J.: 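Quick one: structure below, then a few questions.
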Amino acid sequence: MQTAAEGQTDVWAPWVIAADGAGGPDRLAGQLAEAAGEEGLERLLTERKGILLRGFGITAQDLDGVLDLLLPNRLAYVHGNSPRTKVGGNVYTSTEYPQEFTISMHNEMSYAHQWPSRLAFYCERAATTGGATPVLDAALWLGSLDAEVREAFRDGVRYVQNLHDGYGLGKSWQATFETQERGEVEAFLAGAGADWTWKADGGLRVGQLRPATVRHPLTGTEVWFNQADQWHPAGLGDETAARLAAILAPDELPQSVTFADGSPIPAAYVEQIRDRGLENAVDVDWCEGDLLLIDNVLLAHGRRPFTGSRRVLVAMSG
(Lines give C-alpha, C1' and ligand atoms only; values in the text may rest on other atoms or scores of the structure.)
Protein backbone atom coordinates (compact mmCIF):
# COMPACT_ATOMS: atom_id res chain seq x y z
CA MET A 1 0.00 0.00 0.00
CA GLN A 2 1.32 3.44 -0.90
CA THR A 3 -0.13 6.48 0.79
CA ALA A 4 0.67 10.13 1.26
CA ALA A 5 1.97 10.89 4.72
CA GLU A 6 -0.79 11.54 7.22
CA GLY A 7 -1.92 15.15 7.27
CA GLN A 8 -0.10 16.09 4.06
CA THR A 9 -1.51 19.15 2.29
CA ASP A 10 0.53 21.45 0.10
CA VAL A 11 3.57 21.08 2.39
CA TRP A 12 6.02 18.40 1.33
CA ALA A 13 6.02 15.19 3.37
CA PRO A 14 7.61 11.81 2.64
CA TRP A 15 5.73 9.34 0.49
CA VAL A 16 5.12 6.22 2.56
CA ILE A 17 5.39 2.70 1.18
CA ALA A 18 4.06 0.43 3.92
CA ALA A 19 4.51 -3.33 3.95
CA ASP A 20 1.56 -5.07 2.34
CA GLY A 21 1.32 -8.28 4.33
CA ALA A 22 4.51 -10.11 5.31
CA GLY A 23 7.61 -7.92 5.29
CA GLY A 24 11.24 -8.73 4.66
CA PRO A 25 13.76 -7.70 1.99
CA ASP A 26 12.06 -9.62 -0.83
CA ARG A 27 8.70 -8.01 -0.13
CA LEU A 28 10.31 -4.60 0.07
CA ALA A 29 12.02 -5.13 -3.29
CA GLY A 30 8.76 -6.22 -4.88
CA GLN A 31 6.68 -3.32 -3.60
CA LEU A 32 9.37 -0.82 -4.48
CA ALA A 33 9.63 -2.17 -8.03
CA GLU A 34 5.85 -2.01 -8.35
CA ALA A 35 5.81 1.59 -7.17
CA ALA A 36 8.70 2.63 -9.40
CA GLY A 37 7.29 1.00 -12.54
CA GLU A 38 9.10 1.16 -15.86
CA GLU A 39 10.68 4.55 -15.16
CA GLY A 40 12.62 3.16 -12.22
CA LEU A 41 13.58 4.23 -8.75
CA GLU A 42 15.57 7.31 -9.76
CA ARG A 43 12.57 8.87 -11.49
CA LEU A 44 10.27 7.94 -8.60
CA LEU A 45 12.61 9.52 -6.09
CA THR A 46 12.96 12.67 -8.19
CA GLU A 47 9.19 12.95 -8.34
CA ARG A 48 8.52 12.18 -4.67
CA LYS A 49 11.78 13.68 -3.25
CA GLY A 50 11.67 11.34 -0.27
CA ILE A 51 10.25 7.85 0.33
CA LEU A 52 9.69 6.24 3.73
CA LEU A 53 9.72 2.43 3.71
CA ARG A 54 7.91 1.16 6.82
CA GLY A 55 6.82 -2.13 8.31
CA PHE A 56 9.11 -4.45 6.32
CA GLY A 57 10.93 -5.66 9.43
CA ILE A 58 14.37 -4.89 8.04
CA THR A 59 17.09 -5.91 10.48
CA ALA A 60 20.72 -4.84 10.71
CA GLN A 61 21.62 -8.19 9.13
CA ASP A 62 19.34 -7.43 6.16
CA LEU A 63 20.72 -3.95 5.65
CA ASP A 64 23.59 -4.57 3.22
CA GLY A 65 21.32 -6.47 0.82
CA VAL A 66 18.60 -3.82 0.99
CA LEU A 67 21.10 -1.02 0.44
CA ASP A 68 22.45 -2.87 -2.59
CA LEU A 69 18.97 -2.41 -4.03
CA LEU A 70 18.48 1.21 -2.99
CA LEU A 71 22.07 2.50 -3.40
CA PRO A 72 23.94 0.11 -5.70
CA ASN A 73 27.07 2.30 -5.80
CA ARG A 74 27.59 3.39 -2.21
CA LEU A 75 30.12 6.14 -1.56
CA ALA A 76 32.74 6.42 1.14
CA TYR A 77 32.42 9.49 3.38
CA VAL A 78 35.68 10.96 2.09
CA HIS A 79 36.06 14.67 2.91
CA GLY A 80 33.05 14.46 5.19
CA ASN A 81 33.19 17.00 8.01
CA SER A 82 30.91 15.45 10.64
CA PRO A 83 31.99 12.81 13.19
CA ARG A 84 30.79 9.33 12.20
CA THR A 85 31.79 5.71 12.68
CA LYS A 86 32.06 3.38 9.70
CA VAL A 87 30.06 0.22 10.49
CA GLY A 88 29.98 -1.67 7.20
CA GLY A 89 30.45 -1.41 3.45
CA ASN A 90 30.27 2.38 3.16
CA VAL A 91 27.61 2.46 5.86
CA TYR A 92 28.09 4.97 8.68
CA THR A 93 26.47 6.09 11.88
CA SER A 94 24.51 9.30 11.53
CA THR A 95 26.34 12.36 12.87
CA GLU A 96 27.66 11.67 16.37
CA TYR A 97 26.66 14.91 18.08
CA PRO A 98 25.45 15.32 21.67
CA GLN A 99 21.86 14.11 21.84
CA GLU A 100 20.55 17.16 23.69
CA PHE A 101 21.26 19.41 20.71
CA THR A 102 19.51 19.99 17.39
CA ILE A 103 21.42 19.40 14.16
CA SER A 104 20.28 22.13 11.77
CA MET A 105 19.15 21.56 8.21
CA HIS A 106 21.69 20.72 5.51
CA ASN A 107 22.18 18.84 2.28
CA GLU A 108 24.85 16.21 2.77
CA MET A 109 28.33 17.41 1.74
CA SER A 110 27.00 20.49 -0.04
CA TYR A 111 30.36 22.10 0.78
CA ALA A 112 32.25 19.54 -1.34
CA HIS A 113 33.03 19.50 -5.05
CA GLN A 114 31.06 16.25 -5.35
CA TRP A 115 28.13 15.35 -3.16
CA PRO A 116 25.89 12.29 -2.96
CA SER A 117 22.73 12.48 -5.02
CA ARG A 118 20.84 10.01 -2.85
CA LEU A 119 20.83 9.14 0.87
CA ALA A 120 19.33 6.22 2.76
CA PHE A 121 18.72 6.37 6.52
CA TYR A 122 18.00 3.20 8.50
CA CYS A 123 16.59 3.17 12.02
CA GLU A 124 18.24 0.32 13.89
CA ARG A 125 17.10 1.62 17.28
CA ALA A 126 14.56 4.37 17.90
CA ALA A 127 15.04 7.01 20.59
CA THR A 128 13.12 6.83 23.84
CA THR A 129 11.81 10.34 23.20
CA GLY A 130 12.42 12.78 20.36
CA GLY A 131 15.08 12.04 17.77
CA ALA A 132 13.03 12.79 14.67
CA THR A 133 14.84 13.53 11.42
CA PRO A 134 13.46 16.84 10.13
CA VAL A 135 13.39 16.95 6.33
CA LEU A 136 13.03 20.13 4.30
CA ASP A 137 12.19 20.98 0.71
CA ALA A 138 15.35 22.86 -0.29
CA ALA A 139 13.50 24.99 -2.85
CA LEU A 140 11.09 26.06 -0.10
CA TRP A 141 14.10 26.88 2.08
CA LEU A 142 15.52 29.13 -0.64
CA GLY A 143 12.18 30.86 -1.10
CA SER A 144 11.76 31.42 2.63
CA LEU A 145 14.88 33.59 2.87
CA ASP A 146 14.78 37.37 2.59
CA ALA A 147 15.78 38.73 -0.81
CA GLU A 148 18.65 40.57 0.88
CA VAL A 149 20.10 37.28 2.11
CA ARG A 150 19.70 35.49 -1.21
CA GLU A 151 21.41 38.34 -3.03
CA ALA A 152 24.29 38.45 -0.55
CA PHE A 153 25.06 34.80 -1.28
CA ARG A 154 24.80 35.20 -5.06
CA ASP A 155 28.52 34.64 -5.69
CA GLY A 156 28.79 31.65 -3.36
CA VAL A 157 30.80 30.97 -0.22
CA ARG A 158 34.31 30.03 0.79
CA TYR A 159 34.78 27.19 3.28
CA VAL A 160 37.95 26.73 5.33
CA GLN A 161 38.89 23.63 7.32
CA ASN A 162 41.71 23.25 9.84
CA LEU A 163 42.26 19.51 10.21
CA HIS A 164 44.61 18.33 12.93
CA ASP A 165 47.17 15.52 12.75
CA GLY A 166 45.58 13.27 15.34
CA TYR A 167 44.96 15.48 18.34
CA GLY A 168 42.92 18.68 18.56
CA LEU A 169 39.46 20.14 18.02
CA GLY A 170 37.40 18.79 15.16
CA LYS A 171 38.49 15.98 12.83
CA SER A 172 41.95 14.87 11.79
CA TRP A 173 42.92 14.91 8.14
CA GLN A 174 43.42 11.14 8.35
CA ALA A 175 39.82 10.57 9.48
CA THR A 176 38.45 13.13 7.02
CA PHE A 177 40.06 11.54 3.97
CA GLU A 178 40.16 7.93 5.25
CA THR A 179 43.89 7.60 4.53
CA GLN A 180 47.28 8.03 6.17
CA GLU A 181 48.95 9.11 2.91
CA ARG A 182 49.49 12.79 2.23
CA GLY A 183 49.85 12.12 -1.48
CA GLU A 184 46.34 10.65 -1.66
CA VAL A 185 44.94 13.70 0.11
CA GLU A 186 46.73 16.08 -2.24
CA ALA A 187 45.48 14.21 -5.31
CA PHE A 188 41.93 14.36 -4.00
CA LEU A 189 42.12 18.08 -3.23
CA ALA A 190 43.69 18.90 -6.59
CA GLY A 191 40.82 17.11 -8.32
CA ALA A 192 38.38 19.05 -6.18
CA GLY A 193 39.82 22.43 -7.16
CA ALA A 194 40.62 23.17 -3.51
CA ASP A 195 43.66 24.96 -2.13
CA TRP A 196 45.59 23.55 0.83
CA THR A 197 48.56 24.07 3.11
CA TRP A 198 50.33 21.57 5.33
CA LYS A 199 51.05 23.16 8.70
CA ALA A 200 54.23 22.90 10.76
CA ASP A 201 52.36 20.86 13.41
CA GLY A 202 51.31 18.26 10.82
CA GLY A 203 47.81 19.61 10.38
CA LEU A 204 46.16 20.59 7.11
CA ARG A 205 44.34 23.78 6.11
CA VAL A 206 41.89 23.44 3.19
CA GLY A 207 40.00 26.20 1.37
CA GLN A 208 37.18 25.74 -1.16
CA LEU A 209 34.97 28.11 -3.11
CA ARG A 210 31.48 26.68 -3.63
CA PRO A 211 28.06 27.89 -4.83
CA ALA A 212 25.29 28.79 -2.41
CA THR A 213 22.56 27.36 -4.64
CA VAL A 214 22.44 24.63 -7.29
CA ARG A 215 19.89 23.33 -9.77
CA HIS A 216 18.66 19.76 -9.71
CA PRO A 217 20.14 17.89 -12.71
CA LEU A 218 16.78 16.45 -13.80
CA THR A 219 14.15 18.99 -12.77
CA GLY A 220 16.19 22.21 -13.03
CA THR A 221 14.75 23.33 -9.69
CA GLU A 222 16.99 25.85 -7.91
CA VAL A 223 17.59 25.01 -4.26
CA TRP A 224 19.46 26.41 -1.27
CA PHE A 225 22.57 24.23 -1.15
CA ASN A 226 25.30 25.23 1.26
CA GLN A 227 26.27 24.80 4.90
CA ALA A 228 27.08 28.39 5.78
CA ASP A 229 25.00 28.25 8.95
CA GLN A 230 26.74 25.07 10.18
CA TRP A 231 30.26 26.32 9.42
CA HIS A 232 29.71 29.79 10.92
CA PRO A 233 30.18 30.28 14.71
CA ALA A 234 26.81 32.08 14.94
CA GLY A 235 25.09 28.87 13.87
CA LEU A 236 26.35 27.16 17.02
CA GLY A 237 24.52 29.51 19.37
CA ASP A 238 25.86 32.40 21.40
CA GLU A 239 27.40 30.40 24.25
CA THR A 240 29.34 27.92 22.10
CA ALA A 241 30.46 30.64 19.70
CA ALA A 242 31.74 32.75 22.57
CA ARG A 243 33.73 29.85 24.02
CA LEU A 244 35.37 29.13 20.68
CA ALA A 245 36.16 32.81 20.13
CA ALA A 246 37.86 32.92 23.53
CA ILE A 247 40.38 30.21 22.63
CA LEU A 248 40.76 30.40 18.84
CA ALA A 249 41.21 33.11 16.23
CA PRO A 250 38.64 32.99 13.40
CA ASP A 251 41.14 31.49 10.96
CA GLU A 252 42.07 28.75 13.46
CA LEU A 253 38.59 27.30 13.95
CA PRO A 254 38.16 23.67 12.85
CA GLN A 255 35.82 24.99 10.16
CA SER A 256 34.69 28.44 9.08
CA VAL A 257 32.97 30.16 6.19
CA THR A 258 32.94 33.56 4.51
CA PHE A 259 31.40 35.04 1.41
CA ALA A 260 33.24 34.13 -1.80
CA ASP A 261 35.37 37.30 -1.65
CA GLY A 262 36.50 36.52 1.89
CA SER A 263 34.28 39.10 3.58
CA PRO A 264 32.46 38.02 6.77
CA ILE A 265 28.91 36.70 6.71
CA PRO A 266 26.71 38.63 9.17
CA ALA A 267 25.50 36.58 12.12
CA ALA A 268 21.92 37.72 11.47
CA TYR A 269 22.00 36.10 8.01
CA VAL A 270 23.26 32.85 9.49
CA GLU A 271 20.57 32.82 12.16
CA GLN A 272 17.85 33.47 9.58
CA ILE A 273 19.08 30.61 7.40
CA ARG A 274 19.22 28.20 10.34
CA ASP A 275 15.90 29.18 11.89
CA ARG A 276 13.82 29.28 8.72
CA GLY A 277 15.17 25.93 7.68
CA LEU A 278 14.09 24.32 10.94
CA GLU A 279 10.75 26.14 10.96
CA ASN A 280 9.79 24.81 7.51
CA ALA A 281 10.99 21.24 8.04
CA VAL A 282 8.72 18.19 8.38
CA ASP A 283 9.68 15.75 11.14
CA VAL A 284 10.04 12.07 10.30
CA ASP A 285 9.51 10.15 13.54
CA TRP A 286 11.32 6.83 13.51
CA CYS A 287 10.07 3.29 14.04
CA GLU A 288 12.68 0.56 14.28
CA GLY A 289 13.34 -1.00 10.88
CA ASP A 290 12.30 2.13 8.94
CA LEU A 291 14.23 3.16 5.85
CA LEU A 292 14.09 6.72 4.53
CA LEU A 293 15.38 7.36 1.01
CA ILE A 294 15.85 11.00 -0.04
CA ASP A 295 17.08 13.01 -2.99
CA ASN A 296 20.00 14.92 -1.46
CA VAL A 297 19.61 17.96 -3.72
CA LEU A 298 15.86 18.41 -3.43
CA LEU A 299 15.73 17.76 0.33
CA ALA A 300 17.78 18.87 3.31
CA HIS A 301 17.77 17.02 6.61
CA GLY A 302 18.75 17.46 10.28
CA ARG A 303 18.10 15.92 13.70
CA ARG A 304 15.94 16.79 16.69
CA PRO A 305 17.20 16.28 20.27
CA PHE A 306 16.46 12.95 21.90
CA THR A 307 16.78 10.73 24.93
CA GLY A 308 17.74 7.07 24.97
CA SER A 309 20.09 5.11 22.74
CA ARG A 310 18.94 6.14 19.25
CA ARG A 311 20.93 4.52 16.43
CA VAL A 312 20.32 5.62 12.85
CA LEU A 313 22.69 4.54 10.08
CA VAL A 314 23.25 6.30 6.77
CA ALA A 315 24.57 5.38 3.35
CA MET A 316 25.13 7.55 0.28
CA SER A 317 25.38 7.15 -3.48
CA GLY A 318 26.40 9.33 -6.41
Side-chain angles (χ1 to χ4, degrees), residues 1-9 11-72 74 87-95 99 108 116 118-137 281-296 298-317:
M1 174 180 68
Q2 297 98 33
T3 65
E6 183 178 355
Q8 181 176 357
T9 56
V11 176
W12 179 87
W15 199 50
V16 180
I17 299 181
D20 184 4
D26 290 342
R27 188 58 188 153
L28 183 149
Q31 285 190 235
L32 193 58
E34 180 183 352
E38 294 182 359
E39 293 188 331
L41 180 59
E42 182 178 8
R43 176 60 66 177
L44 177 66
L45 188 59
T46 299
E47 176 186 339
R48 298 292 181 174
K49 304 179 185 177
I51 302 170
L52 180 62
L53 303 164
R54 172 162 287 170
F56 291 93
I58 301 303
T59 67
Q61 290 69 39
D62 298 326
L63 188 58
D64 271 344
V66 172
L67 290 177
D68 287 343
L69 170 69
L70 301 177
L71 306 176
R74 296 199 292 278
V87 297
N90 288 342
V91 179
Y92 299 82
T93 57
S94 55
T95 299
Q99 62 192 54
E108 198 63 50
R118 187 186 302 177
L119 305 178
F121 297 92
Y122 167 70
C123 180
E124 182 177 349
R125 187 165 55 248
T128 302
T129 63
T133 292
V135 184
L136 170 66
D137 186 319
V282 172
D283 283 351
V284 176
D285 292 304
W286 291 108
C287 297
E288 290 184 6
D290 281 355
L291 276 157
L292 175 65
L293 188 64
I294 70 171
D295 185 304
N296 185 47
L298 295 175
L299 296 179
H301 64 280
R303 192 205 68 193
R304 303 292 186 185
F306 67 93
T307 64
S309 55
R310 175 188 189 270
R311 183 174 168 90
V312 173
L313 305 179
V314 63
M316 316 169 197
S317 73

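Every value quoted in this text rests on a predicted model; they were computed, and no experiment measured them.
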J.: Quick one: closest heavy-atom pair of Gly55 and Ala19, and the distance?
T.: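 Nearest pair, atom of Gly55 first, then Ala19: O-CB, 3.1 Å.
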J.: Any salt bridge (Lys or Arg N to Asp or Glu O under 4.0 Å) involving residues 49-58? Give me the pairs, sequence neighbours left out, ordered by first then second residue.
T.: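 Salt bridge (Lys or Arg N to Asp or Glu O under 4.0 Å) check on residues 49-58 returns Lys49-Asp137, Arg54-Asp290.
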J.: Using the rule given for side-chain contact (heavy atoms from CB on, under 4.5 Å), can you reason through Thr46 versus Glu39, listing the C-alpha separation, both sets of side-chain angles and the distance that settles it, and then say yes or no?
T.: CA-CA 11 Å; Thr46 299; Glu39 293 188 331; over 6 Å; no
J.: So, Arg118 side chain and Leu71 main chain: donor-acceptor pair closer than 3.5 Å or not?
T.: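 Between the backbone of Leu71 and the side chain of Arg118 there is no qualifying donor-acceptor contact (under 3.5 Å).
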J.: I'd like to know whether CD of Glu288 has more than 12 heavy-atom contacts from other residues, nucleotides or ligands below 6.0 angstrom.
T.: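 Buried by this count: over 12 neighbours within 6.0 Å.
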J.: So, applying side chain to side chain contact (heavy atoms under 4.5 Å, CB included) with Leu292, which one of Leu52, Leu53, Val312 is it?
T.: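 Considering Leu52, Leu53, Val312, a side chain to side chain contact (heavy atoms under 4.5 Å, CB included) with Leu292 is found only for Leu52.
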J.: Which heavy-atom pair separates Leu69 from Leu41 by the least distance, and what is that distance?
T.: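 Looking at all heavy atoms of both residues, the shortest contact is O-CD2, 4.5 Å.
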J.: Could you walk me through whether Arg311 and Val87 pass the side-chain contact (heavy atoms from CB on, under 4.5 Å) test, one step at a time?
T.: CA-CA 12 Å; Arg311 183 174 168 90; Val87 297; 3.5 Å; yes
J.: Within this structure, what is the CG-CD1 distance for the pair Leu67 and Ile58, rounded to the nearest 0.5 Å?
T.: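 CD1 of Ile58 is found 9.5 Å from CG of Leu67.
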J.: Work out which heavy atom in Leu119 is nearest to a heavy atom in Pro116; give both atom names and the distance.
T.: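 The answer is CD2-CG, 3.8 Å.
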J.: Suppose we screen for salt bridge (Lys or Arg N to Asp or Glu O under 4.0 Å). Which residues come up paired with Asp285, at least two apart in sequence or across chains?
T.: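 With sequence neighbours excluded, Asp285 shows a salt bridge (Lys or Arg N to Asp or Glu O under 4.0 Å) to no residue whatsoever.
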J.: For Phe306, what residues pass the ring-ring contact (aromatic ring centres under 6.0 Å, His included) criterion, not counting sequence neighbours?
T.: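 So Phe306 forms no ring-ring contact (aromatic ring centres under 6.0 Å, His included) with any residue.
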J.: Take Leu291 and Phe56 through the side-chain contact (heavy atoms from CB on, under 4.5 Å) test and state the conclusion after the steps.
T.: CA-CA 9 Å; Leu291 276 157; Phe56 291 93; over 6 Å; no
J.: Supply the atom-to-atom distance Ile294 CD1 to His301 NE2, rounded to the nearest 0.5 angstrom.
T.: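 Reported to 0.5 Å precision, the distance equals 5.5 Å.
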J.: Taking all heavy atoms of Asn90 and all of Ala315, pick out the closest pair and write down the distance.
T.: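 Heavy atoms only, the tightest pair is O-CB, 3.8 Å.
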J.: How long is the straight-line distance from CG of Leu70 back to CG of Leu28, given to the nearest 0.5 Å?
T.: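 Between atom CG of Leu28 and atom CG of Leu70 there are 6.5 Å.
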J.: Could you check Val284 against Phe121 for side-chain contact (heavy atoms from CB on, under 4.5 Å), going step by step and ending with a plain yes or no?
T.: CA-CA 11 Å; Val284 176; Phe121 297 92; over 6 Å; no
J.: To the nearest 0.5 Å, what is the distance between CG on Leu32 and CG on Leu293?
T.: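 Nearest 0.5 Å value for the CG-CG distance: 7.5 Å.
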J.: Would you please name every residue forming a side chain to side chain donor-acceptor pair (under 3.5 Å) with Arg48, sequence neighbours left out?
T.: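 With neighbours one apart ignored, the set is empty.
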J.: If we ignore hydrogens and angles and just use 3.5 Å, is the side chain of Gln31 paired with the main-chain N or O of Ala18 as donor and acceptor?
T.: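 Yes, the answer is positive, given that a donor and an acceptor are paired below the 3.5 Å cut-off.
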J.: With Arg310, which residues qualify under side chain to side chain donor-acceptor pair (under 3.5 Å), at least two apart?
T.: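 Here the qualifying residues are Thr133.
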J.: For Asp26, enumerate each residue passing the salt bridge (Lys or Arg N to Asp or Glu O under 4.0 Å) test, keeping only those at least two apart in sequence or located in another chain.
T.: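 Here no residue qualifies.
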J.: Of all heavy-atom pairs between Tyr122 and Thr59, which one has the smallest distance, and what is that distance?
T.: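 Closest heavy-atom pair between Tyr122 and Thr59: OH-C, 3.1 Å.
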J.: Ignoring hydrogens and geometry, is there a side-chain-to-backbone donor-acceptor pair from Asp62 to Pro25 under 3.5 Å?
T.: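 No, because the side chain of Asp62 does not come within donor-acceptor range (under 3.5 Å) of the backbone of Pro25.
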J.: Under the salt bridge (Lys or Arg N to Asp or Glu O under 4.0 Å) test, which residues partner Arg304, sequence neighbours left out?
T.: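 Salt bridge (Lys or Arg N to Asp or Glu O under 4.0 Å) list for Arg304, sorted by chain: Asp283.
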J.: Using a 3.5 Å distance criterion without hydrogens, assess whether the side chain of Arg125 forms a donor-acceptor pair with backbone atoms of Ser309.
T.: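 Yes: the side chain of Arg125 pairs with the backbone of Ser309.
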J.: Partners of Arg43 by side chain to side chain donor-acceptor pair (under 3.5 Å), sequence neighbours excluded?
T.: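 Arg43 satisfies side chain to side chain donor-acceptor pair (under 3.5 Å) with no residue once adjacent residues are dropped.
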J.: Excluding sequence neighbours, so at least two apart, what forms salt bridge (Lys or Arg N to Asp or Glu O under 4.0 Å) with Arg27?
T.: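 Result, salt bridge (Lys or Arg N to Asp or Glu O under 4.0 Å) vs Arg27: Asp20.
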J.: Once side-chain contact (heavy atoms from CB on, under 4.5 Å) is applied, do any residues pair with Thr128, and if so which ones, sequence neighbours excluded?
T.: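 For Thr128 the side-chain contact (heavy atoms from CB on, under 4.5 Å) partners, ignoring immediate neighbours, are Thr307.
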J.: Run the side-chain contact (heavy atoms from CB on, under 4.5 Å) test against Ala300 and tell me which residues pass, sequence neighbours left out.
T.: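 For Ala300 the side-chain contact (heavy atoms from CB on, under 4.5 Å) partners, ignoring immediate neighbours, are Met105, Asn107, Leu136, Trp141.
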